[in-house]
Amino acid sequence: MNYWLVKSEPFKYSWDDFVKQGVGTWDGVRNYQARNNLAAMKIDDLVLFYHSNEGVEVVGIAKIVKEAYQDPTTDDTRWVVVDLTPVEKLPKTVTLQSIKADVRLQDVSLIRQSRLSVQQLKKEEFDIIVSKAYEN
DNA sequence: GCCAACGTTGGC
DNA sequence: GCCAACGTTGGC
């Protein structure tokens with residue numbers, strides 16, 4: 001079981017769009033590192049859904065319902081997509097600011113490699129971020 | 001809108 | 001295979 005974080009610009013594809021749709025195909029990835037992460041995802045792996053640019057925060061949890069297959073938006077066989085479905089909306093969003101402020105989360109890619117759009121998280125990191133959504 | 005960080009491209 | 005130029009992402 002692995003844990004991931006994916007980014008989306010909310011004005012392009014927001015958490016609410018995703019929930020409305022029920023199942024979302026994660027297409028358009030054109031970065032090898034992100035692609036490799038997509039390819040490593042397994043059914044039922046959990047994925048944090050992060051809003052970049054606007055909000056700049058983790059908003060919900062999703063899971064993998066279909067493992068990597070050819071990206072239908074291109075003929076280029078180098079690129080793959082996965083399908084995700086929403087699991088739960090976090091009761092409170094977890095901002096990048098609060099992630100940066102947590103000494104236990106200094107190694108997450110959001111901080112170390114902010115441009116990577118599909119990132120892997122350690123189980124502890126995933127748990128810490130989710131627990132922040134339930135604080136107070 | 002600016003700019004830093006990073007990835008990609010192409011000339012040599 | 002190096003590196004400069006350029007494009008893109010994303011935080012602020």
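None of the values given here were measured: they were computed from a predicted structure. Below, chains carry the letters A, B, ... as their sequence lines are ordered, and counting in each starts from 1.
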Between [Y] and [X], is there a side-chain donor-acceptor contact under 3.5 Å, judged purely by atom types and distance?
X      : Y     : answer
A/D16  : A/S14 : no
A/Q120 : A/N37 : no
A/D83  : A/Y69 : yes

Which atom pairs link the protein and nucleotides 5-8 of chain C when you take only N or O atoms and keep those under 3.5 Å?
residue	atom	partner	partner atom	Å
C/dT8	O2	A/R115	NH2	3.0

For atom [atom1] of [X] and atom [atom2] of [N], their distance in whole Å:
X      : N      : atom1 : atom2 : answer
A/R30  : B/dT9  : CZ    : P     : 13 Å
A/E57  : C/dC12 : CD    : P     : 13 Å
A/Q119 : C/dT9  : CD    : C1'   : 12 Å
A/Q33  : C/dT9  : CD    : C1'   : 14 Å
A/L96  : C/dT9  : CG    : P     : 18 Å
A/N31  : B/dT9  : CG    : P     : 12 Å
A/I99  : C/dG10 : CD1   : P     : 14 Å
A/R112 : C/dG10 : CZ    : C1'   : 18 Å

Would you confirm whether the ring centroid of A/Y32 sits within less than 6.0 angstrom of the ring centroid of A/W79?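 When the ring centroids of A/W79 and A/Y32 are compared, they turn out to be within the sub-6.0 Å range.
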Does A/Q97 or A/K12 map to a spot on DNA chain C nearer the 5' end, using the closest nucleotide for each?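 Residue closer to the 5' terminus by nearest nucleotide: A/K12.
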Any donor and acceptor pair, going by atom type alone, linking the side chain of A/E67 with main-chain N or O of A/I43 inside 3.5 Å?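 Judged by distance alone, yes, a pair lies under 3.5 Å.
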Taking A/E57 for its side chain and A/L96 for its backbone only, find out whether a donor-acceptor pair lies under 3.5 Å.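 Looks like no, no N/O pair under 3.5 Å.
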Do the side-chain N or O atoms of A/Y50 get closer than 4.0 angstrom to the phosphate oxygens (OP1, OP2) of C/dG11?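 Affirmative; the distance criterion is met.
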Check whether any side-chain N or O of A/K7 sits under 4.0 Å from OP1 or OP2 of C/dG10, and answer yes or no.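 Indeed, a polar side-chain atom of A/K7 lies that close.
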Do the side chains of A/K7 and A/L110 get nearer than 4.5 Å, heavy atoms only?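 Result yes, sub-4.5 Å side-chain heavy-atom pair found.
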